Amino acid sequence: MTVIAIDGTFASGKGTLGKRLALHYKIPYLDTGKLYRAVAFDLMETKNSPENVIEAIKAAKKLKPEDLKNSALKSGNVAVNASKVAAHPEVRKELLKFQKDFAKKGGILDGRDIGTVICPNAKVKLFIDAKAETRARRRHLELNSYQESISFETVFKQLIERDNRDMNRKNAPLKISDGAHIIDTTDMTADDVFKKARDIIDSILI
Ligand code: DC
């Protein structure tokens, strides 16, 4: 089964790319960040801290596929808490099976540890990144489109904190996996990124 593993930094454009590639190649797509967001959302709803490992494990255990459709998962607060929840190795372990089962059937997965932990043997590995300021600007625009009033400075500060947590946690930190093709989207449009990714994928799969 063909697996395309997409990893990268927050707001680098990997989600947009993953969805477009899935439509183009007519294969399933999983945004694995939603698993961590759904666990964080559950903890917020039940007034538990994202640092509460016991409750986080419980939330991960009872996660259902339909929980991933919740539009509230897009919010800035959920995103911040998701990166805290994602630092617990026990939570990561709990969410592993869902991701591995998805990958068994083939498809596109995007996240932080897809090429390194979830699908180290993926045929295609992409690593998507962009300058922090560019990513914060994109995220700021996105949050404003959901009517979340938040300043650019706050978005930038949160993004740097999240980058640090995602890259420096002990368990499955975000890093460029062996054999990954790096795309820096700083000065690229979504169409440019889509074309570049297709060129890479077609050169590997054909
Ligand atoms: O991609 P995202 O912003 O929706 O991810 C939310 C958080 O979940 C992010 O801070 C990192 C974490 N995450 C992870 O650790 N591993 C993944 N495979 C996907 C996301």
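Predicted model only: the values in this text are computed from it and were never measured. Ligands are counted one by one from 1 in listed order, and the atoms in each one are counted from 1 as well. Residue numbers count from 1 along this sequence.
Look at Asp192 and Lys196 and you find no salt bridge, because none of the NZ, NE, NH1 or NH2 atoms lies under 4.0 Å from a carboxylate O. The pair Asp42-Arg37 does not count as a salt bridge, with every side-chain nitrogen at least 4.0 angstrom from each carboxylate oxygen. Salt bridge absent: Arg138 and Glu142 never bring a charged side-chain N and a carboxylate O closer than 4.0 Å.
A distance below 6.0 Å separates the ring centres of Phe194 and His24.
Contact shell of ligand 1 (protein heavy atoms, cutoff 4.0 Å): Phe10, Lys14, Thr32, Gly33, Tyr36, Arg37, Ala82, Ser83, Ala86, Arg92, Gly111, Arg112, Asp113, Arg162, Asp166, Arg169.
Considering every non-hydrogen atom in both Asp184 and Ala130, the closest pair reads OD1-CA, 3.7 Å. Asn144 approaches Ile150 most closely through the heavy-atom pair OD1-O, 4.3 Å.
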